[in-house]
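Here is the structure we will look at.
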Amino acid sequence: MAEMDRTNGRTFARGATRFAPSPTGELHLGNARTALFNFLLARHGGERFVLRIEDTDAARSRPEHIDGVLADLAWLGLEWDAGPGREDALGPYFQSQRAALYAREFAQLERRGALYPCYCTALELEVARRTQRASGHAPRYPGTCRELTESERERKRAAGLPATLRFRVPGGRRIEFTDLVHGPQRFLSDDIGDFVVRRADGSAAFFFCNAVDDASMGVTQVLRGEDHLANTPRQLLILEALGMPAPCYGHISLILGPDGAPLSKRHGAASVREFRARGYRPEALVNYLFRLGHSSPEHGLLELEGLARAFDTHHLGRAPAHFDEQQLRVWQKTAVHRLSGAQARAWLGSRIPPGVGAADAEAFSAAVLPNVVLPEDAQPWAEIVFGAAPALDSEGEAMVREAGSAFFAAAARAAAMSGNDLAAIAGAARAASGRKGAQLYRPLRLALTGLGHGPELAPLLAAMPAGEAERRLVRFA
Ligand code: GLU
Ligand code: ZN
């Protein structure tokens with residue numbers, strides 16, 4: 001359990017981690033992994049897992065994306081202790097509803113002289129950036145409005161010029177922290193230009209609300225994408241100026257596609273919703289993501305509790321993680337093999353024709369499970385079992401003819417009497433022909449399914465409509 005933390009006069013008995021998505025699109029695999037790691041870190045240490053929706057960008061945030069992210073997290077099993085639908089005293093958990101709180105903290109920073117209004121236009125800022133780049137410098141706000149006198153500000157205000165608020169970065173400081181993944185980090189404040197904390201429309205900018213929310217929500221550990229590493233010193237400066245505690249940050253590597261570029265739509269499915277729609281199981285996705293950039297001595301398919309026990313920030317790698325769908329399929333196979341008959345039936349869903357009864361559907365699901373990775377793989381078997389008698393190719397036809405009509409006459413008679421019972425059918429064919437082993441079963445399989453290979457025959461047969469085995473066998477009698 002984490003130490004007692006004091007924030008804004010509130011005391012938290014426990015530490016917390018959080019996931020803070022911006023609802024501007026579907027939940028990407030990279031973000032799902034970030035959520036998973038924060039969830040596991042919290043569960044590992046008995047801490048709270050907070051979900052905060054970073055929807056300050058009103059133009060790009062969409063309600064349907066919020067719903068989608070919540071649904072995907074719930075589907076993955078990543079239950080949050082506080083967040084949307086689980087509001088508590090530290091909420092609201094939508095940044096769009098926290099404006100009053102931000103206003104208080106802006107006022108606090110202004111009182112301390114840590115902010116100043118900037119009246120530069122977008123064009124002026126762009127010109128400054130270009131000049132800096134042209135002379136070989138990293139672009140940074142040149143401080144144009146930093147030392148305006150009160151009367152100069154008053155004149156600009158009176159002229160109705162819109163202003164952002166910038167954070168006055170203190171000069172000559174070293175900003176140091178230990179990253180949970182990358183170890184000791186050191187930045188120089190002189191390399192950081194004064195940055196915007198409040199936009200001209202009055203809304204809080206990312207650096208500011210992200211940092212302030214972590215502190216006021218009692219967040220003590222943050223795992224997030226590596227792209228935020230360079231933001232951290234700015235966030236630490238804000239928290240320091242407010243006298244708020246900073247969380248420990250860990251910046252995790254990006255997920256790359258097979259070609260080495262950051263995983264995206266170009267590589268096919270990249271969002272949780274897409275994998276879910278294709279029939280991937282949540283436990284497969286979670287177990288795969290757990291191993292993506294996190295080494296673990298645990299090899300089997302684990303429940304979330306097991307993953308939480310095994311999760312360790314020391315095992316997070318610094319090298320980028322490569323997404324490999326073949327690996328995901330291996331986890332999927334294991335997850336699918338563990339499904340019960342009823343679960344398998346639900347998972348195959350509409351691949352089983354609507355008229356099929358519950359018992360037959362379950363028998364079919366159990367029969368095909370060892371041979372499928374995704375529900376679509378069951379489609380051909382559903383057609384074979386529930387559709388018209390399948391035709392044979394010439395090789396199959398020859399093999400069936402070779403078994404002879406007496407063989408199939410006996411088999412068909414047994415099917416007529418016993419129903420779709422493989423033991424009775426095979427017993428009768430054996431007695432009539434003296435065949436056994438592959439010699440016996442291969443012609444039967446060909447006549448019944450049209451193919452020489454496939455899932456176990458007895459349950460496939462059991463799932464077929466009554467009288468169907470007889471109809472298929474009698475064709476060759
Ligand atoms: N909303 C930010 C993002 O999705 C959160 C960054 C963070 O985790 O601090 O990138
Ligand atoms: Zn300015």
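Atoms within each ligand, like the ligands themselves, are counted from 1 in listed order. Since the structure is predicted, the reported quantities are computational estimates derived from the model, not experimental observations.
- Using cut-offs of 30° and 60° on the angle between ring planes, the pair Y288 and F323 is perpendicular.
- The side-chain tip of R234 does not point at the ring of F167 from less than 6.0 angstrom away and within 45° of straight on.
- Put simply, the side chain of Y119 does not reach to within 4.5 Å of the side chain of E152, judged on heavy atoms.
- Note on the Zn ion (ligand 2): protein N/O/S atoms under 2.8 Å are C118 SG, C120 SG, Y141 OH, C145 SG.
- Atom CZ of R130 is surrounded by 12 or fewer heavy atoms from other residues, nucleotides or ligands within 6.0 Å.
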Trace of the side chain to side chain donor-acceptor pair (under 3.5 Å) decision for Y102 with D213: CA-CA 9 Å; Y102 301 146; D213 284 348; 2.7 Å; yes
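- Annotation: salt bridge (Lys or Arg N to Asp or Glu O under 4.0 Å) contacts involving residues 249-277, sequence neighbours excluded, comprise E26-R273, D72-R276, D259-R266, K265-E274.
- Checking side-chain atoms of D55 against main-chain N and O of P23 turns up no donor-acceptor pair under 3.5 Å.
- For the side chain to side chain contact (heavy atoms under 4.5 Å, CB included) test, no residue two or more places apart in sequence or in another chain qualifies with S350.
- Contact residues of ligand 1 (protein heavy atom closer than 4.0 angstrom to a ligand atom; sorted by chain and number): R18, A20, S22, E54, F206, N210, R224, H228.
- Within a 6.0 Å radius of CD in E303, other residues, nucleotides and ligands contribute 12 heavy atoms or fewer.
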